[in-house]
Number of protein chains: 2
Amino acid sequence: MSDLLERLRERGWRMTAQRRVVAEVLDGQHVHLTADEVHARATERLPEISRATVYNTLGEMVSIGEVIEVATDGRAKRYDPNAHRPHQHLVCSRCGTIRDVHPQGDPLAALPASERFGFAVSTVEVTYRGVCPDCAA
Amino acid sequence: MSDLLERLRERGWRMTAQRRVVAEVLDGQHVHLTADEVHARATERLPEISRATVYNTLGEMVSIGEVIEVATDGRAKRYDPNAHRPHQHLVCSRCGTIRDVHPQGDPLAALPASERFGFAVSTVEVTYRGVCPDCAA
DNA sequence: ATCCTACGATAGACACTGTCTAAGTCAAGA
DNA sequence: TCTTGACTTAGACAGTGTCTATCGTAGGAT
Ligand SMILES: [Mn+2]
Ligand SMILES: [Mn+2]
Ligand SMILES: [Zn+2]
Ligand SMILES: [Zn+2]
């Protein structure tokens, strides 16, 4: 039983087979799947699940803060169940592999007030890029 | 005459009306247009310019390092002619306005070797998000 | 100045990503 | 068990980006 599923139940979500399967697919560390990848894996367990339901369910999980949307490439958004521990991402510029990383300090602190132009800055996303060990070999 | 156009000529680019117009549209500070926005503005000056040419030209400018691709919203990529001064982006989470910002220090330095997992890390992109003064009013 | 031709531009089909609607289904409380 | 409104579904549609076959022309050659 995934923690994610447990938290959804506590929020009063109706527990459908579709939502269970999406939550199961998202379970794990360093999981950063696109919506259509989630759909493909969900279909293995529940063949009749629709694309629309996967998109809807992911969107709901994001809106309640249980899943984070990550846009590391210009293509499809990726869905990250590791929403309760702040982290950033390290992406291989060749194969696209994504790792969670934890930089030192608060990235927000590096932006001085004079560079905020009156914005109320609330979040920061950092994407490190480079070549992973497998691709460098 | 834009600096961008001058540098393209120095690289031996064939100077077509289409490339001139794309370079002119990209001229300026805090310019972060999508490809289709570039196409719309280019069409005002050169009505028959095609979408494919705009996409091709932007892609070529990116590949030679004269323009930077920015993906701040998970939707269309944006094209930034300010490629010769390293900078990061501050995005309004309500209206989408983008400002160039210059954080203190090297953002790469915040990622310790123990968090690099053998990657040869070469670049970092930082996106700050918050509400701009106009949207806060 | 004119000619040649390789490089660039074009139209439009196609693929991928995401949204929406109308109709059918079912989880869970009464 | 019944009821109901929340949920799911298929598929149409929209936005973004890529590709190919064909046409046009910038710029060097003559
Ligand atoms: Mn992550
Ligand atoms: Mn910029
Ligand atoms: Zn790699
Ligand atoms: Zn704003």
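So you know, we letter chains A, B, ... as the sequences are listed, proteins then strands, and number each from 1.
As a whole-Å value, the separation of A:Met61 CE from D:dC7 P is 12 Å. In this structure, A:Arg75 atom CZ and D:dT18 atom C1' are separated by 11 Å, rounded to whole Å. Going from atom NE2 of A:His39 over to atom C1' of C:dT19 covers 15 Å, rounded to whole Å. In this structure, the CD1 atom of A:Ile49 is 17 Å from the P atom of C:dT25, given to the nearest Å. Computed from coordinates, the A:Asn56 CG to D:dA6 C1' distance equals 12 Å when rounded to whole Å. In this structure, B:Tyr55 places its OH atom 16 Å from C1' of C:dT10, rounding to the nearest Å. A straight line from CG of A:Asp73 to P of C:dC16 spans 15 Å, rounded to a whole angstrom. Atoms CZ (B:Arg20) and C1' (C:dG8) sit 13 Å apart, rounded to a whole Å.
Taking the nucleotide of DNA chain C with the nearest heavy atom to each of A:Ala17 and B:Arg14, the more 5' of the two is matched to B:Arg14. Nearest-nucleotide assignment on DNA chain D puts the 5′-proximal partner with A:Gly12, out of B:Trp13 and A:Gly12. Comparing B:Tyr79 and B:Met15 along DNA chain D, the residue whose closest nucleotide (by nearest heavy atom) sits nearer the 5' end is B:Tyr79.
Comparing atom distances between the B:Ser50 side chain and each of C:dT17, D:dT8, C:dA9 picks out C:dA9 as nearest. Among the nucleotides D:dG17, C:dT17, C:dA28, the one closest to any side-chain atom of B:Ala76 is D:dG17. Nearest nucleotide to the B:Thr16 side chain, out of C:dT17, C:dA9, D:dC7: C:dA9.
In summary, the side chains of A:His32 and A:His30 do not present any donor paired with an acceptor at a separation below 3.5 Å, with no hydrogens or angles considered.
Here B:Arg51 lies in heavy-atom contact (under 4.0 Å) with a base. B:Ala52 comes within contact range of at least one nucleobase, with a heavy-atom separation under 4.0 Å. Base contact: B:Thr53 has a heavy atom under 4.0 Å from a base atom.
The main-chain N or O of A:Arg78 is never found under 3.5 Å from a side-chain atom of A:Thr34 such that the two would form a donor-acceptor pair. In this structure, B:Arg94 contributes its side chain and B:Cys135 its backbone to a donor-acceptor pair below 3.5 Å. B:Glu115 places no side-chain N or O within donor-acceptor distance of the main-chain N or O of A:Pro103, the cut-off being under 3.5 Å.
For the pair A:Gln18 and D:dT9, the criterion of a side-chain N or O lying under 4.0 Å from OP1 or OP2 is met.
Between B:Val22 and B:Val38, the closest side-chain pair of non-hydrogen atoms falls below 4.5 Å.
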